[in-house]
2 protein chains.
Amino acid sequence: MSARATTRPGGRSARVQQSVHQAVRDLEAEVGRDALTVPLIAARAGVTPSTVYRRWGDLRELLSDVAVERLRPDAPPADHGSLRADLEAWTVQFAEEMSSTAGRTYIRDALLGDPGQGNAGRCSDYAAEQLKAIGVRAAGRGEAVPELETLLDVVVAPLMYRILFRPSELSQAYAGRLVAAALGRAGSPSDT
Amino acid sequence: MSARATTRPGGRSARVQQSVHQAVRDLEAEVGRDALTVPLIAARAGVTPSTVYRRWGDLRELLSDVAVERLRPDAPPADHGSLRADLEAWTVQFAEEMSSTAGRTYIRDALLGDPGQGNAGRCSDYAAEQLKAIGVRAAGRGEAVPELETLLDVVVAPLMYRILFRPSELSQAYAGRLVAAALGRAGSPSDT
DNA sequence: CCGGCAGACGCAATTTCTTCGCATTAGACT
DNA sequence: AGTCTAATGCGAAGAAATTGCGTCTGCCGG
């Protein structure tokens, strides 16, 4: 499932998916996430509930798809002139977005309704792409760049762990320390 | 919510909670987790569905409570004679348990139905307690012991990140590298 | 030891959600 | 243009969620 790239961009399936996703976003803002139901979303989207059940299986999977869309970065990471500055800026922004009430909800939704783990993997891929872009740019400047896996282990994973399991232990200073730790070491615990 | 320590151990509320939890565990083994419903659980537990809804709110919160119970370590970490050996053994066992199909399901359930983030925090506390016990024992031997926060950042967080977001990237060798990384550094990115 | 009190539970009706079969339609392909 | 596949709409039947009300359990003061 996880309806994606169905027929063509102009086809009916694509229109239905768009209007359903849009209905989820609209209703989430209007009535709150906890009040969302499949019949409610279907009515707003102008389709019948059975269509939603057939395409997405249940409400959780639909919310998971929408959440992943919202977690997709909308722009490449900003260029601040150095690897350290780029990493710090990206990390702080990432931490702020993900630790917000909305961000945590999206992460949890993305993780929850996810039979094949596809959506969760996509979340990680988004972060990896951004970090890779920062790394390529830094390499172009001649800077030494940590392994991508190292950054995921040392920066992203601790952030996400706190966001999910220890939301009170997260601060901007902590995010900064993670970046410092990542840049302070050349090798990597994960050189797979 | 999150019914806990209601009246007395012998009270009726406690009996209801126990029988409901037991019903969840039994039915999970018999019919599979995806087939669980509140009416089904209530019938097995010998209570009415409305009781379950009133005490736990919905199925997700009930499953969250049961999942946290299952994630609670049943014994202190084994003693292998040295900090490194204890850490490696604990980490490998932790990774195996948590990355199994059942373990991932419990983690996801614990995270999902968790309004106040109380259950997620408890999961982290369990790991922290085990690590602390290993640390205290090592300190008693005169070994230098990393900060607890460092272990959470360097060992637990990367493991959990892979379990949740990149399940295919997890191996026993990776768990070993994480321990090596944790013991190879004295300081900490998180000396809060 | 007895009676009152607060909270939890059982019961049952109502509302809402979920599932399914069947007919119809949109879009693709020749 | 004609046909073929797949997705959608519709409606009914079944299951689950929610709620009000009466009852009972277990606790506490008299």
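Quantities reported herein were computed from a predicted structural model and do not represent experimental measurements. When reading the values below, keep in mind they use all heavy atoms of this one structure, side chains included, and skip hydrogens, waters and symmetry mates. Quick note on labels: first sequence line is chain A, next is B, and so on, each numbered from 1.
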Whole-Å distance separating the [atom1] atom of [X] from the [atom2] atom of [N]:
X: B/Gln17; N: D/dT25; atom1: CD; atom2: P; result: 20 Å
X: B/Asp34; N: C/dT19; atom1: CG; atom2: C1'; result: 16 Å
X: A/Ile41; N: C/dC17; atom1: CD1; atom2: P; result: 10 Å

Check whether any side-chain heavy atom of [X] sits under 4.5 Å from a side-chain heavy atom of [Y], and report yes or no.
X: A/Glu69; Y: A/His21; result: yes
X: A/Arg162; Y: A/Pro167; result: no
X: A/Thr105; Y: A/Arg33; result: yes

OP1 or OP2 of [N] sitting under 4.0 Å from any side-chain N/O of [X]?
X: B/Arg54; N: C/dG10; value: no
X: B/Thr51; N: C/dG10; value: yes
X: B/Arg12; N: D/dT23; value: no

Legend entry - Side chain of A/Pro39 - closest among C/dC17, C/dG27, D/dG26: C/dC17
Legend entry - Minimum-distance nucleotide to A/Ser50 side chain [options: D/dT25, C/dT19, C/dC11]: C/dT19
Inset, instruction - Assign B/Thr48 to base, sugar-phosphate, or nothing according to its heavy-atom contacts below 4.0 angstrom with the strands shown. - result: base
Inset, instruction - Using a strict cut-off of less than 4.0 Å between a Lys/Arg side-chain nitrogen and an Asp/Glu carboxylate oxygen, indicate whether A/Arg177 and B/Glu149 qualify as a salt bridge. - result: no
